[in-house]
K.L.:
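Encoded as structure tokens, here's the structure I'll be asking about.
Numbers restart at 1 for each chain; the letters A, B, ... are given by sequence-line order, proteins then strands.
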Amino acid sequence: MEDQVKAPERYDVSAVENYWRKRWEETQIYRTEALPNKPKYYALEQFPYPSGHLHMGHVRVYTLGDVIARYQRMTGHAVLHPMGWDAFGMPAENAAIKSGIPPKVSTEANIAYMKQQMQQMGLSFDWSREVTTCSADYYRFTQQLFLLFYERNLAYQRAGAVNWCPSCETVLANEQVEDGLCWRCDSVVSKRDLTQWYLRITDYADRLLEGLQNIHWPEEIKAQQTYWIGRSEGAAVEFELMGYDERVRVFTTRPDTLYGATYVVLAPEHPLVEKLIQGSREEAEVRAFVERERRVSDIERTSETTEKRGIFTGAFARHPLTEEPIPVWVANYVLADYGTGAVMGVPAHDQRDYLYAVKYQLPIRRVVESSNGEPTELPYTASGVLVDSGPFSGMPSEEAKGAIAEHLKSIGLGEKRISYRMRDWLISRQRYWGAPIPIIHCPNCGPVPVPVDQLPVLLPDNVTFTGKGASPLAGAKDWVETTCPRCHGPGRRETDTMDTFIDSSWYYLRYTSAGDDKEPFDRRLADYWMPVDEYVGGKEHAVLHMLYSRFFTKVLHDAGWLSVDEPFQSLLVQGMVVYGGSKMSKSKGNTLSPETILAEWGADATRLFMLFAAPPEKDFEWSQQGVEGTYRFLQRVFRLVTRPRTSGTDEAALETLKRIEARTIKKVGEDLGVRRAFNTAVSALMEYTNALYQHLSAVPAHEQATLLETLVLLLAPMAPHLTEELWHQLSHETSVHLANWPTYDPAWLEESQVEIVVQVNGKVRGRLIVGADWSEEAIREAALAEDSVVSYLEGRTIKKVVVVPSRLVNLVVAG
RNA sequence: GCCGAAGUGGCGGAAUAGGCAGACGCGCGCGACUCAAAAUCGCGUGAGGCAAACCCUCGUGCCGGUUCAAGUCCGGCCUUCGGCACCA
């Protein structure tokens, strides 16, 4: 091999890349020990769903993660850099409905193909830790974790209205409904009343919020999670229902406006509605209204532009402070599953209540004025000073919030209360291709968990995929019918499977202990490797996978399974790959296949271009001419290293090269290790290469070799194949990827002479070479004597001289 | 509407702690090599002004401010993209 490519004009990309890939596989150079005696680094990229082919977005994420992993390896870390497959999910099941090919078969074929594609990219994964979520030796532990949640009262069954996707024929979690549409297939989501399994993520709302403060994540993602959790502080207020032995509980963030409450509104689904209308004059009318509103889709229900509609129930509630009777209404603008499903109407100080009160001619009572006494229009939603509020009149809003809540508490009609937007996580799915929920329903004992030693609950093979109705598992009769583990009577297995987001909520832990057949992960190993130091992925999972994984980690921490309680210390959210100005899609016909591109340019040029063309977090536009540029650059590097050249003894040239070498080592190290600015790392290497082209033949041969080795080492994380080839051509026997990152003598960074700029009133008027050790005084003298500056000073007086050492002198003159 | 991010040459982008705006690359132009082309190598390339320059003016979405000095900081807008959207 080495002989074959001694010094041709261009190097044979595919021959070199194939050769080295094979060698790396044979020698397993990326294999990580279980507990190495070295500082650790865990580099992770989101594992893909095995759809069949990688797309350009995958190529980008894995390139970014691979560069980080390789850099950390060269700087002396034990690096965990694993890959796996998020292999349960609907596409495989849908394909089975169409083609009859079992999900397991198509998934395995897809994995094999995509794995081969990843290998073609030259990614430094430790494949011995490969994890596949649909294999029984993974999902048995997914089931075990479910049982842990169940044991800790964090998994429960509840009946209620749930999101239903008619096309996927399954329910969805709130996080999986986007804009009223199914996140996967964009169908309009409707409501169904079903008994389903939930995970109690709301118990962790505050912890999930607080945890964001100590992790290095983009603001954008933190903001999205914060918003999603939606913590709001306020008060619960109770209104006694006149003529009933019942109370309506409302939640408000503005207890200070309580004196302005002129009515109470219930959501159409509120359980009290039925009680209040039974036998009343309004019964038929209200019931018709409720029926109608319940049929309206969620998108329409919750749109701000939907007209507010409501109806009087005929009942009255007693105002807790004034004791006046106020009417109880039912209206479409109150959400059943937020707060208490009921609100107090304060038209003077709430936009929605105001519109509603005007429409239905309900009284509007102002109880807050601006603090500066200026007149304000209604509705006045800002804070201010209370008026007409009994003993609280004159009190500033902020103070009154607490005071009124406390007063309510003293009379037993309310208290301070915190409410969250986030709901519990609905995890049941009426689908086949997921981990079965390990529960047996027993007529005597109720739901009984399958004992851990009986896991896994294997997916049955004998099912038919019709895509209609309930879970396909329900049709596997001999699978469903089983024995209750508690009373040994007949029992029926739960036929729903778990949301596949559960599989991906703990896979990063499994990598630390892949192959362990006793437990999901070994605490010692997980504690050594966790947290993930850099997690690379797309922003589409900002509140799905990223929130669920944090929740899982916190629960496992609390259960004593794990020391960390945040999984991902730092998050790198990469932008999209676009082509022809927009996101690639089949319908637009602007798709690019990694197969074609890798074949045409090779892995190194493709990788390098992705790194060079844009910072990782920005969208990146694929460009044919652009990749040609990085391809040319790699050819240029190849020629530089392999071409025979003369040598010389030019001291000045050597100094120039040593200086730029030191600067480049520092720059590339910072860019790859700290700043994640791969684009500027590439440009620094281009500059270094340009300098070597200019001066290399003027320096001694042994210096040439060192300077070239530096180039090869610095480029190695980004272009692994070419650099491996060149490293061997530079007479090294071992892999460049196991070599040490180059160091530099800081003395080379110190210049003895520096050029500084002389400004007059902030405008550049001249340049000056000064010694690095010159005093400010000396620099000032030299600047004032500078020829190009003198003419600007004639007839003017110098008011001030600003000297910034080794940068500039600014002469401030007047006249 | 609320939250977040971003606006810099023909294009992708750089400027990391307020200090020479436009690094690096693409494209384009000119030249060398060549019978020729490709490849390669060299030079030039923000706009405008001038006979010309190494000179002058303008220039980082817009308006204003702070500062000796602003792409960068502050105030007010505009535009684009993303998230959330009757959450009481």
Side-chain angles (χ1 to χ4, degrees), chain A residues 9-10 178-180 218-228 230 232 234 250-254 257 265 299 301-308 331-335 337-346 349-353 355-356 381 419-423 539-540 542-543 575-576 609 612-615 617-621 623-630 632-633 635-636 639 667 670-671 674-675 677 679-690 693-694 755-765 767 788 799-813:
Chain A
E9 276 304 294
R10 42 186 31 230
E178 296 171 348
D179 226 0
E219 265 325 299
E220 182 191 5
I221 306 294
K222 289 190 185 183
Q224 280 183 45
Q225 291 209 354
T226 303
Y227 187 85
W228 187 261
S232 49
V250 305
F251 172 73
T252 177
T253 54
R254 293 295 303 273
T257 64
V265 209
I299 344 170
R301 252 303 269 294
T302 60
S303 159
E304 253 176 287
T305 50
T306 299
E307 206 197 340
K308 297 183 183 7
N332 65 342
Y333 77 96
V334 179
L335 303 175
D337 54 0
Y338 179 76
T340 60
V343 301
M344 62 184 200
V346 186
H349 304 292
D350 181 277
Q351 183 67 39
R352 294 155 304 194
D353 296 346
L355 289 175
Y356 191 75
T381 56
S419 201
Y420 301 90
R421 177 187 312 261
M422 183 172 64
R423 316 287 149 77
K539 65 180 120 210
E540 65 275 12
V543 284
M576 284 187 314
F609 177 52
F612 178 56
E617 62 280 2
K618 281 191 86 167
D619 285 353
F620 154 85
E621 166 109 37
S623 135
Q624 196 69 9
Q625 286 170 337
V627 70
E628 278 172 39
T630 50
R632 273 204 291 269
F633 169 67
Q635 295 285 350
R636 198 166 140 83
R639 286 193 301 272
K667 167 81 178 154
E670 284 168 1
D671 282 356
V674 186
R675 296 212 310 146
N679 53 332
T680 52
V682 177
S683 38
L685 287 170
M686 287 174 167
E687 286 179 76
Y688 180 52
T689 304
N690 291 343
Y693 260 91
Q694 232 176 80
E755 187 190 66
I756 63 167
V757 162
V758 184
Q759 297 179 332
V760 178
N761 287 345
K763 290 209 162 85
V764 181
R765 299 300 183 185
R767 272 153 217 284
S788 53
K799 283 170 63 188
K800 191 174 175 184
V801 179
V802 182
V803 179
V804 184
S806 72
R807 283 199 189 272
L808 56 73
V809 177
N810 191 9
L811 307 171
V812 186
V813 300

K.L.:
Kindly indicate whether the side chain of Lys308(A) and the base of C86(B) share any N or O donor-acceptor pair separated by less than 3.5 Å?
P.N.:
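Under the 3.5 Å cut-off, the side chain and the base do form a donor-acceptor pair.
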
K.L.:
Would you tell me if any nitrogen or oxygen in the side chain of Arg636(A) comes within less than 4.0 Å of OP1 or OP2 on G25(B)?
P.N.:
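Negative; the distance criterion is not met.
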
K.L.:
Quote, to the nearest angstrom, the P distance that separates A17(B) from G10(B).
P.N.:
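The answer is 28 Å between these two P atoms.
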
K.L.:
Indicate, with yes or no, if the rings of Phe620(A) and Phe612(A) have centres closer together than 6.0 Å.
P.N.:
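No; Phe612(A) has its ring centre 6.0 Å or more from that of Phe620(A).
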
K.L.:
Nearest to the side chain of Pro615(A) - A88(B), G27(B), G13(B)?
P.N.:
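That would be G13(B).
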
K.L.:
Closest approach of Val758(A) and Leu811(A), non-hydrogen atoms and distance?
P.N.:
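So the minimum-distance heavy-atom pair works out to CG1-CD1, 4.2 Å.
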
K.L.:
Considering only atom C1', compute the distance from G46(B) to A23(B) and round it to an integer number of Å.
P.N.:
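Nearest-Å result for G46(B) against A23(B) at atom C1': 15 Å.
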
K.L.:
What are the two closest heavy atoms between Gln351(A) and Thr381(A), and how far apart are they?
P.N.:
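Taking Gln351(A) first and Thr381(A) second, the nearest heavy atoms are N-CG2, 4.0 Å.
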
K.L.:
Could you please name the option among C56(B), C68(B), A88(B) that lies closest to any side-chain atom of Val334(A)?
P.N.:
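The nucleotide sitting nearest to the side chain is A88(B).
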
K.L.:
Provide the distance between the two P atoms, one in A14(B) and one in C24(B), to the nearest whole Å.
P.N.:
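That atom pair is separated by 14 Å.
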
K.L.:
I want to confirm an ordering. Mapping Asp671(A) and Phe251(A) to their closest nucleotides on RNA chain B, which one lands closer to the 5' end?
P.N.:
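The residue closer to the strand's 5' end, by nearest nucleotide, is Asp671(A).
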
K.L.:
Of Glu178(A) and Gly230(A), whose closest RNA chain B nucleotide lies nearer the 5' terminus?
P.N.:
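Upstream on the strand: Glu178(A).
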
K.L.:
C1' atom, A6(B) versus C86(B): distance in rounded Å?
P.N.:
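So the two C1' atoms sit 30 Å from each other.
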
K.L.:
Is the shortest distance from a Lys or Arg side-chain nitrogen in Glu670(A) or Arg675(A) to a carboxylate oxygen in the other one below 4.0 Å?
P.N.:
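Judged by the 4.0 Å cut-off on N to carboxylate O distance, Glu670(A) and Arg675(A) do not form a salt bridge.
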
K.L.:
If you count every heavy atom of other residues, nucleotides or ligands that lies below 6.0 Å from Arg423(A) atom CZ, does the total exceed 12?
P.N.:
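Yes, CZ of Arg423(A) has more than 12 neighbouring heavy atoms, counting only those of other groups under 6.0 Å.
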
K.L.:
Does a side-chain N or O from Asn679(A) land closer than 4.0 Å to OP1 or OP2 of A14(B), or not?
P.N.:
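Result: yes.
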
K.L.:
Near RNA chain B, under 4.0 Å by heavy atom, which residues of residues 681-689 of chain A?
P.N.:
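Ser683(A), Met686(A), Glu687(A), in order of number.
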
K.L.:
Look at the side chain of Leu808(A) and decide which nucleotide, out of C68(B), A88(B), G19(B), has an atom nearest to it.
P.N.:
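Among C68(B), A88(B), G19(B), the one nearest the side chain of Leu808(A) is G19(B).
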
K.L.:
Do you know which two heavy atoms are closest between Ser232(A) and Tyr338(A), and how far apart they sit?
P.N.:
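Closest pair (atom of Ser232(A), atom of Tyr338(A), distance): OG-OH, 3.0 Å.
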
K.L.:
Considering only the P atoms, how many Å lie between U72(B) and C63(B), rounded to the nearest integer?
P.N.:
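My reading of the P atoms in U72(B) and C63(B) gives 13 Å.
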
K.L.:
Check every atom of U16(B), A69(B), C20(B) against the side chain of Glu670(A) and return the nucleotide holding the closest atom.
P.N.:
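Of all the options, the side chain of Glu670(A) is nearest to U16(B).
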
K.L.:
Syn or anti for A17(B), please, going by whether the chi angle lies within 90° of 0.
P.N.:
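This nucleotide is in syn.
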
K.L.:
Between A38(B) and G31(B), how far is it from one P atom to the other, in whole Å?
P.N.:
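The answer is 13 Å between these two P atoms.
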
K.L.:
Can you tell me which nucleotide in A14(B), C20(B), C68(B) comes closest to the side chain of Glu755(A)?
P.N.:
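When the side chain of Glu755(A) is considered, C20(B) is the closest of A14(B), C20(B), C68(B).
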
K.L.:
Taking atom types as they are modelled, is there a donor-acceptor pair under 3.5 Å from the base of U16(B) to the side chain of Lys667(A)?
P.N.:
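Pair found.
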
K.L.:
Please measure how far the P atom in G71(B) lies from the corresponding atom in G9(B), and state the result in whole Å.
P.N.:
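Pairwise P distance, G71(B) against G9(B), rounds to 14 Å.
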
K.L.:
Considering only atom P, compute the distance from G7(B) to G12(B) and round it to an integer number of Å.
P.N.:
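Comparing P positions in G7(B) and G12(B) gives a spacing of 12 Å.
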
K.L.:
If the cut-off is 4.0 Å, is Arg632(A) near the phosphate of G27(B), judged by side-chain N/O to OP1 or OP2?
P.N.:
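Looking at the OP1 and OP2 atoms of G27(B), one of them is under 4.0 Å from a side-chain N or O of Arg632(A).
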
K.L.:
Given C41(B), U16(B), A88(B), which nucleotide is nearest the side-chain atoms of Arg639(A)?
P.N.:
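Of C41(B), U16(B), A88(B), C41(B) is nearest to the side chain of Arg639(A).
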
K.L.:
Below 3.5 Å between N/O atoms, which protein atoms pair up with nucleotides 3-12 of chain B? Just atom names and distances, please.
P.N.:
residue, atom, partner, partner atom, Å
G12(B), O2', Ala613(A), O, 2.4

K.L.:
Can you check whether Arg807(A) has a side-chain N or O nearer than 4.0 Å to OP1 or OP2 of G18(B)?
P.N.:
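Negative; the distance criterion is not met.
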
K.L.:
Run the numbers on Asp350(A) and Tyr356(A) for side-chain hydrogen bond (donor to acceptor under 3.5 Å, both in side chains), then give the verdict.
P.N.:
CA-CA 10 Å; Asp350(A) 181 277; Tyr356(A) 191 75; over 6 Å; no

K.L.:
Please convert RNA chain B into dot-bracket. A pair counts if it is Watson-Crick or G-U wobble with both distances under 3.5 Å; crossing pairs go in [ ] and bases paired with another strand get |.
P.N.:
(((((((..(((......[....)))((((((.......))))))((((.....))))..(((((..]....))))))))))))....

